[in-house]
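See structure below.
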Amino acid sequence: MAHLQRVSALLASWGARSALVSAGLCHAFYGTDGFPVALLDLGRRAELVEAIGVEAETLVYFYASCDRKSSYRGLTDDRGTFVDRFTGTRMVPSLEARQDFAELTAANELDIAAISPEVRTRYGADLLELFTRWRPLLSGSAWEHCRSVLGRAVH
């Protein structure tokens, strides 16, 4: 719960709109490609909608549904394909959806890296490379936080 609260607070500190802040609080509810434990079954999506609203739940689903191997590389491309790992559906998300996804991913990963020297050592270079590629999708605040947590200034 502490991680979820920190991710939500981090998004708020970056100036994210309320739906994205709420999604940060619930981002792992359906599990993710990197965290397979689901806190809420997909068949109960309506319950999360009731709790946080349609827009925030849609963001949570989109985040959880990402097939990282298939989707990460083309995220900055206007025609890049996003693959839903639950359904296998391929889609080309809007710029706003890609920005929200990048921002939520950054908040999640940077929170973990900020509190774990082991994670920074083991994954810091890969995270920095990923967020450098995604820089066009990240807010200025998210990018600055990335540079701060990962410990290197990148231009």
Side-chain angles (χ1 to χ4, degrees), residues 1-14 16-77 80-135 137-139 142 145-146 149-150:
M1 186 64 182
H3 166 67
L4 299 174
Q5 291 171 330
R6 288 191 309 266
V7 169
S8 182
L10 189 53
L11 288 162
S13 77
W14 294 346
R17 68 188 187 288
S18 63
L20 188 54
V21 172
S22 293
L25 186 60
C26 303
H27 71 276
F29 272 41
Y30 305 134
T32 69
D33 200 1
F35 181 73
V37 178
L39 304 174
L40 189 65
D41 184 83
L42 284 174
R44 297 174 61 191
R45 288 182 68 185
E47 292 175 43
L48 192 56
V49 167
E50 189 175 314
I52 65 173
V54 172
E55 182 183 7
E57 189 281 333
T58 300
L59 293 167
V60 170
Y61 179 87
F62 188 71
Y63 179 77
S65 74
C66 180
D67 177 326
R68 293 177 181 187
K69 185 176 180 182
S70 301
S71 303
Y72 271 24
R73 178 111 358 238
L75 196 67
T76 58
D77 184 347
T81 302
F82 184 95
V83 178
D84 182 319
R85 72 185 180 96
F86 299 127
T87 66
T89 303
R90 297 179 173 281
M91 64 174 289
V92 178
S94 68
L95 175 60
E96 182 180 50
R98 292 181 291 124
Q99 289 169 326
D100 288 342
F101 180 85
E103 203 87 347
L104 185 51
T105 301
N108 176 60
E109 300 294 349
L110 293 174
D111 174 66
I112 295 167
I115 64 169
S116 173
E118 179 183 333
V119 168
R120 279 193 312 279
T121 298
R122 188 168 180 188
Y123 301 108
D126 291 338
L127 289 172
L128 183 61
E129 188 272 329
L130 175 67
F131 296 137
T132 299
R133 276 191 289 118
W134 287 4
R135 187 175 180 188
L137 300 174
L138 296 172
S139 66
H145 193 80
C146 177
V149 169
L150 299 176

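A quick note: this is a predicted structure, and the numbers were derived from the prediction, not measured.
- Proximity of Phe101 to Cys66: side-chain heavy atoms (C-beta onward) are separated by under 4.5 Å at one or more points.
- Listed here is the closest heavy atom pair of Val21 and Ala16: CG2-O, 3.7 Å.
- A donor-acceptor pair under 3.5 Å links the side-chain atoms of Thr121 to the main chain of Pro117, judged by distance alone.
- Arg133 places no side-chain N or O within 3.5 Å of a backbone atom of Gly74 that could act as its donor or acceptor partner.
- Around the CZ atom of Arg17, the shell of radius 6.0 Å holds more than 12 heavy atoms that belong to other residues, nucleotides or ligands.
- Around the CZ atom of Arg73, the shell of radius 6.0 Å holds no more than 12 heavy atoms that belong to other residues, nucleotides or ligands.
- Scanning all heavy atoms of the two residues, the minimum distance from Val60 to Cys26 falls at CG1-O, 3.4 Å.
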Carefully, step by step, assess Leu104 and Val7 under the rule side-chain contact (heavy atoms from CB on, under 4.5 Å). CA-CA 8 Å; Leu104 185 51; Val7 169; 4.1 Å; yes
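- The closest side-chain heavy-atom distance from Tyr123 to Glu109 is not below 4.5 Å.
- Counting heavy atoms from C-beta outward, Arg6 and Leu10 have side chains that stay 4.5 Å or more apart.
- Annotation: Arg68, atom CZ; neighbour count of heavy atoms from other residues, nucleotides and ligands within 6.0 Å is above 12.
- The distance between the ring centers of Tyr30 and Phe86 does not fall below 6.0 angstrom.
- Once rounded to the nearest 0.5 Å, the distance linking CG of Leu127 with OG1 of Thr132 reads 10.0 Å.
- Note that the CG atom of Leu130 and the CZ atom of Arg135 stand 14.0 Å from one another [nearest 0.5 Å].
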Pair Val83, Arg85 - check side-chain contact (heavy atoms from CB on, under 4.5 Å), show working. CA-CA 6 Å; Val83 178; Arg85 72 185 180 96; over 6 Å; no
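- A heavy-atom distance below 4.5 Å is found between the side chains of Met91 and Phe62.
- Among all heavy-atom pairs drawn from Phe82 and Ser65, the shortest one is CE2-OG, 3.6 Å.
- Side-chain atoms of Glu103 come within 3.5 Å of backbone atoms of Ser139 as a donor-acceptor pair (strictly under, hydrogens ignored).
- Minimum heavy-atom separation, Ser22 to Ile52: CB-CB, 4.3 Å.
- For the pair Leu110/Cys146, a side-chain contact is recorded, criterion being any heavy-atom separation below 4.5 Å from C-beta on.
- Nearest heavy-atom pair across Gly24 and Leu11 is CA-CD1, 3.7 Å.
- To the nearest 0.5 Å, atom CZ of residue Arg120 and atom CD1 of residue Ile112 are 12.5 Å apart.
- Summarising the geometry of Leu150 relative to Ala113, their closest heavy-atom pair is CD2-CB, 4.3 Å, with the distance given to 0.1 Å.
- Using cut-offs of 30° and 60° for the angle between ring planes, the Trp134 and Tyr72 rings count as perpendicular.
- Looking only at atom types and distance, the side chain of Tyr61 has a donor-acceptor partner in the side chain of Asp84 under 3.5 Å away.
- We find the CG-CZ distance between Asp77 and Arg98 to be 7.5 Å, quoted to the nearest 0.5 Å.
- Remark: His3 NE2 to Asn108 CG distance equals 4.0 Å, nearest 0.5 Å.
- Under the 4.5 Å side-chain criterion, counting only non-hydrogen atoms from C-beta, Asp100 is not in contact with Tyr63.
- Distance check: Arg45 CZ to Thr58 OG1 gives 6.5 Å after rounding to the nearest 0.5 Å.
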